[in-house]
Amino acid sequence: MKQVNNIYFDNAATTQIDQSVIDLMNSIMSNHYGNPNSTHSFGRSSRTLIEKARKSIAKEFNVLPAEIFFTSCGTESDNLILISAVRDLGVKRILTSKIEHKAVLNVVKFLESTESVNVEYVKVKSNGLIDYDDLDQVLKSNNQKTLVSLMHVNNEIGSVLDLSIVGDICKKYDAFFHSDTVQSIGKYRFDLSKINIDFIVGSAHKFHGPKGIGFVYINKKLKLNPLLIGGNQERGLRAGTESVHNICGMELAFIDSYNSFEKNKNYILDLKTYFIKKITNSIPDLKFNGSCVNNHDSTYSILNICLPVSKDKSILLEFNLDLKGIACSRGSACQSGSSVGSHVLNSILKDSDLQKPSLRFSFSKYNNKTEIDKVVEVLSDFVNSN
Ligand code: PLP
């Protein structure tokens with residue numbers, strides 16, 4: 001059932017799938033049901049579609065199609081890289097940060113306990129940016145084979161990592177570099193031939209594609225073994241019959257996002273700027289978490305705000321927004337007693353701000369300024385109510 005009149009500002013969680021993508025996937029499911037691993041014509045037509053999708057993605061990143069592998073999601077992609085890098089590339093130490101997604105943080109903890117990998121956390125500044133000097137120092141301190149895993153765009157506060165700077169530091173110390181780029185695929189252009197980076201990952205549902213499909217880029221110099229054992233699909237890196245309709249849906253969403261890249265970027269940035277202006281006028285005591293208002297350090301699609309309301313009052317906030325049909329994400333520390341809150345905000349905010357409610361608004365091409373007016377009105381009424 002379509003959700004009418006509701007306002008969706010939770011695009012970092014997932015995005016609305018494009019109708020053209022749904023139509024294509026329906027047609028693929030009806031017309032191309034052959035197993036891509038079969039050698040007959042049905043299989044061959046599915047295989048052709050998959051390889052075309054691989055080429056489209058590789059072309060955008062300026063890499064070889066053989067460096068792109070399909071997976072089921074961003075989480076699987078991160079797992080594959082981190083676990084296989086330890087098992088197959090002799091990685092003894094992982095350098096990451098406390099503000100990574102759980103798809104990285106929990107895998108790293110798993111590797112620490114099961115494979116005796118040394119895990120170290122690079123300093124994060126109070127604006128949510130990685131301290132590059134600290135990264136350099138920590139890498140210099142030890143010559144164990146190291147994998148650096150730092151996300152490109154933070155999914156909660158939108159802070160942006162400079163991939164080129166980090167890639168150069170990694171190269172200096174001969175460390176592998178993995179970046180969780182789940183939030184930035186479709187929103188940033190990457191020429192991977194110009195960056196010292198070994199692994200990036202993508203997930204289609206973050207760029208108006210289907211859920212349950214993702215990919216990894218693995219530098220051709222590196223050979224990893226699969227986590228899923230079975231057939232020889234994905235050139236032996238991931239067993240299991242490929243999801244042809246999902247792969248084609250992801251390809252279309254990917255191509256469309258880059259074909260409309262400038263247009264969407266300008267449109268979404270304009271929405272974010274408008275939101276910042278409006279909400280600052282309506283709630284002057286509000287704070288922005290991370291470096292949300294600085295365009296260079298912050299992505300154009302995510303805004304994380306800390307509202308000047310007491311802990312008691314904040315309990316009603318989510319209920320209030322939901323009642324008005326507004327979907328955003330609660331990115332705040334312990335408000336409900338049982339919740340441990342956001343590990344990202346816990347890493348960067350002062351205790352006094354952690355007591356206040358924080359909200360993440362994440363925008364897409366499907367949002368508009370009327371929706372922002374409505375949200376700001378609801379938030380301002382809430383803050384100013386007794
Ligand atoms: N990494 C980041 C930065 C994310 O934002 C997400 C999803 O929220 C993931 C990884 C996991 O992706 P998926 O939902 O495709 O497993």
Side-chain angles (χ1 to χ4, degrees), residues 8-17 21 57 68-83 85 94 96-110 122 124 128-130 147-161 163 166 177-188 190 197 199-217 227-228 238 240 243 246-247 249-251 253-254 257 289-290 292 298-304 327-331 342-345 347-348 359-364:
Y8 188 73
F9 278 126
D10 204 12
N11 292 283
T14 196
T15 53
Q16 181 183 336
I17 184 165
V21 171
I57 295 175
I68 303 294
F69 299 85
F70 297 120
T71 64
S72 68
C73 59
T75 302
E76 184 192 328
S77 301
D78 285 330
N79 270 260
L80 172 64
I81 290 162
L82 294 164
I83 297 173
I94 297 180
T96 186
S97 82
K98 293 256 165 83
I99 62 168
E100 300 300 305
H101 191 274
K102 298 280 177 175
V104 167
L105 277 182
N106 285 342
V107 184
V108 164
K109 283 186 192 147
F110 166 80
V122 178
V124 179
L129 296 176
I130 296 295
L147 170 75
V148 171
S149 180
L150 292 171
M151 68 204 307
H152 185 208
V153 169
N154 184 279
N155 53 302
E156 288 195 37
I157 51 174
S159 49
V160 180
L161 186 83
L163 294 177
V166 174
F177 179 26
H178 160 239
S179 186
D180 178 342
T181 48
V182 164
Q183 289 292 340
S184 51
I185 302 292
K187 299 192 190 75
Y188 285 79
F190 302 83
I197 191 160
F199 313 101
I200 69 164
V201 305
S203 177
H205 73 100
K206 306 289 184 180
F207 51 89
H208 305 288
K211 293 173 181 58
I213 187 73
F215 65 85
V216 287
Y217 154 77
L227 296 186
L228 284 184
R238 184 184 191 271
S243 181
N246 267 328
I247 291 173
M250 173 162 72
E251 179 199 12
F254 182 90
S257 67
N289 296 323
C292 286
S298 162
T299 192
Y300 53 94
S301 57
I302 294 177
L303 187 64
N304 197 312
C328 63
S329 175
R330 185 69 183 269
S342 150
H343 66 283
V344 176
L345 296 185
S347 298
I348 62 163
L359 294 171
R360 176 188 71 184
F361 291 89
S362 44
F363 313 100
S364 86

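Hydrogens, waters and symmetry mates play no part in the numbers below; they use all other heavy atoms, side chains included. Indexing begins at 1, ligand by ligand and atom by atom, following the structure's order. What you see is a predicted model, and the numbers here were worked out from it, not measured in a lab.
Around ligand 1 you find Cys73, Gly74, Thr75, Asp78, His101, Met151, Asn155, Asp180, Val182, Gln183, Ser203, His205, Lys206, each with a heavy-atom distance below 4.0 Å.
Side-chain atoms of Tyr188 and Leu163, non-hydrogen and from C-beta on, never get closer than 4.5 Å to each other. Between Ser184 and Phe190 the shortest side-chain heavy-atom distance falls below 4.5 Å.
Evaluation of the side chain to side chain contact (heavy atoms under 4.5 Å, CB included) rule for Ser301 yields Lys187, Ile268, Thr299 as partners, not counting sequence neighbours. Residues passing the salt bridge (Lys or Arg N to Asp or Glu O under 4.0 Å) test with Glu100: none are found, sequence neighbours excluded. His205 meets the side chain to side chain contact (heavy atoms under 4.5 Å, CB included) test with Thr14, Ser203, Lys211; sequence neighbours excluded.
Taking the six-membered ring for Trp, Phe177 and Phe199 have ring centres at least 6.0 Å apart.
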